[in-house]
Amino acid sequence: MNWEVVIGLETHAQLTTASKIFSGASTRFGASPNTQVSAIDLAMPGTLPVLNKGAVERAIRFGLAVGGTIAPLSAFERKNYFYPDLPKGYQISQYVQPVVTGGGLAIVVGDKDGFVPLTRAHLEEDAGKLLHDAVAGRSGVDLNRAGTPLLEIVTEPAMRSAAEAVAYAKALHSLVRWIGICDGNMQEGSFRCDANVSVRRRGDPLGTRCEIKNLNSFRFLEKAIEFEVRRQVELIGDGGRVVQETRLFDPDRGETRPMRSKEDAQDYRYFPDPDLLPVAIAPQWIEEVRRSMPALPEALRRDFLGYGMSPYDAALLTESREKAEFFRASLAATKISQPVSLAHWVNGEMSALLNERNLDFAASPVAPRDFARLHDRVQDSTLSSKAAKEVLHAMTAGEGDPDAIIERKGLRQISDSGALEEAVREALAANPKLVEDYRAGKEKAFNALVGQVMKATKGKGNPQEVSRILRERLAS
Ligand code: ADP
Ligand code: MG
């Protein structure tokens with residue numbers, strides 16, 4: 001069957017403000033229950049919300065980063081529903097006048113470029129959390145999270161596979177951290193995705209969707225969508241119909257399960273919150289925010305492609321701002337400019353070493369200046385790439401700058417032709433059988449001879465030079 005998968009994502013990014021969106025209580029994660037709750041978060045009678053300017057500023061940053069439209073006038077509305085983690089009985093959100101509309105994100109799936117258009121990004125407050133294990137036989141409520149500022153980022157139903165959805169989620173995750181509006185900590189719930197999934201036969205109108213809630217890892221997102229697609233295709237294939245509902249993903253069983261039937265907008269009785277004035281966002285404010293923006297990942301990625309590196313390497317380098325900055329600073333410090341090779345070293349060995357130590361590029365024990373010097377030593381043939389890896393390990397362990405390590409460990413590669421010619425002469429004299437085999441057309445014998453010379457130089461002979469001299473000798 002020719003099925004087409006349709007996916008739209010709604011992502012909640014917790015904003016990096018120190019205090020909540022409508023109160024002065026702290027947003028710090030991990031405090032004991034109900035220690036970061038103000039009278040406003042508790043919805044005590046007579047209290048009034050006061051909008052946190054920093055939350056609006058972050059929404060503007062996001063809008064600029066995705067090329068969206070910033071509303072000159074943005075308003076808050078009440079989304080009414082009853083649940084014990086929501087003291088007011090409504091959530092303050094935005095509906096008809098969100099801060100951001102439109103815009104989109106470039107994504108890379110494998111080696112293919114794509115673009116995911118956004119519908120909107122709006123501000124809202126988070127709810128509290130129910131604790132079912134804290135008190136035996138009862139449920140408790142922790143309101144520390146109530147009133148935490150969120151930016152909800154909604155895409156058009158534009159993605160066509162789980163891989164595209166994951167690529168989008170990763171690009172978005174990288175972007176919100178890049179522009180400093182969200183710490184992206186998925187374990188702590190600072191970045192969570194809801195996936196809307198439907199299937200249709202090619203050419204048909206959109207099918208009925210299910211929404212899978214609160215996916216807080218890229219792997220769960222992928223697994224949940226894959227399961228849901230299979231379920232819907234089977235259901236329709238068996239003559240059934242998909243009912244619109246909200247589902248939960250169970251990571252242990254790798255399946256989605258119904259949670260509740262889906263509400264429609266009218267169920268929420270949205271109306272403008274009379275406690276909050278609409279926010280006028282003046283063009284000067286937008287300009288001020290624009291001036292404070294860093295170079296964006298997509299612009300850097302295009303620069304990097306201009307250096308001739310693969311789309312894969314360029315995408316990997318722009319995964320985080322710290323990594324891209326590390327690459328840029330290293331490249332600027334190299335004497336021998338070879339960006340493609342440098343990108344390999346940053347994405348390969350350097351990333352692996354930091355991963356092992358659970359560090360990101362901002363905390364790299366190797367400074368870009370030293371990394372550049374090491375790379376120069378590979379380019380000027382002082383080091384074989386194997387020896388360079390050894391030096392990099394030592395640098396990461398804090399053993400000093402590359403030149404000192406090279407001398408101390410005696411890792412300098414022998415490129416001096418006098419010394420190499422001597423070693424070649426000896427290898428040829430000691431291995432007449434290999435020479436004979438080579439002359440009889442056995443290419444393997446050549447590699448064995450290279451091996452002999454490398455052994456004689458304790459692995460420090462420059463392999464290209466060794467091969468060149470050997471060929472020369474064998475030809476004469
Ligand atoms: P709601 O207000 O119920 O959350 P929206 O219309 O705002 O619904 O859409 C929410 C998300 O669902 C958006 O990301 C949108 O792209 C996506 N979506 C809408 N229709 C479909 C569909 N038929 N299949 C998959 N995703 C869809
Ligand atoms: Mg929604």
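Note that ligands are numbered from 1 as they come in the structure, with each ligand's atoms numbered from 1 the same way.
When ring centroids are compared, Tyr268 and Tyr90 stay outside the 6.0 Å threshold. Under the 6.0 Å cut-off for aromatic ring centres, Tyr95 and Phe76 do not qualify, their centroids lying 6.0 Å or more apart.
Nearest residue to atom 15 (C) of ligand 1 from Val154, Thr155, Asn196 is Thr155 (criterion: closest heavy atom).
When heavy-atom distances to ligand 1 are checked against a 4.0 Å cut-off, Leu9 comes that close only through its backbone atoms N, CA, C and O. Under 4.0 Å from ligand 1, the heavy atoms of Leu206 that appear belong solely to its side chain.
Between Glu4 and Arg160 there is a salt bridge, since at least one side-chain N of the basic residue sits less than 4.0 Å from a carboxylate O of the acidic one.
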In a table with atom names and distances, give each donor-acceptor pair under 3.5 Å that connects a side chain of residues 358-365 to protein atoms at least two apart or in another chain.
{"residue": "Asp360", "atom": "OD1", "partner": "Ala362", "partner atom": "N", "Å": "2.9"}
{"residue": "Asp360", "atom": "OD1", "partner": "Ala363", "partner atom": "N", "Å": "3.4"}
{"residue": "Ser364", "atom": "OG", "partner": "Val366", "partner atom": "N", "Å": "3.0"}
{"residue": "Ser364", "atom": "OG", "partner": "Val366", "partner atom": "O", "Å": "2.8"}

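No N or O atom of Thr208 sits closer than 3.5 Å to an N or O atom of ligand 1. Backbone and side-chain nitrogen or oxygen atoms of Glu211 are examined, and none is located within less than 3.5 angstrom of a nitrogen or oxygen of ligand 1. In terms of polar-atom proximity, Gly207 is counted as a contact of ligand 1, with an N or O under 3.5 Å from an N or O of the ligand. Residue Pro157 has at least one N or O atom closer than 3.5 Å to an N or O atom of ligand 1.
Among Asp376, Leu392, Val391, the single residue meeting the side chain to side chain contact (heavy atoms under 4.5 Å, CB included) criterion with Leu383 is Val391.
Residue pairs that meet the side chain to side chain donor-acceptor pair (under 3.5 Å) test with at least one member in residues 278-288, sequence neighbours left out, are Glu287-Arg290.
Numbered from 1 in the order shown, with element, the atoms of ligand 1 that lie under 4.0 Å from a heavy atom of Glu156 read 16 (O).
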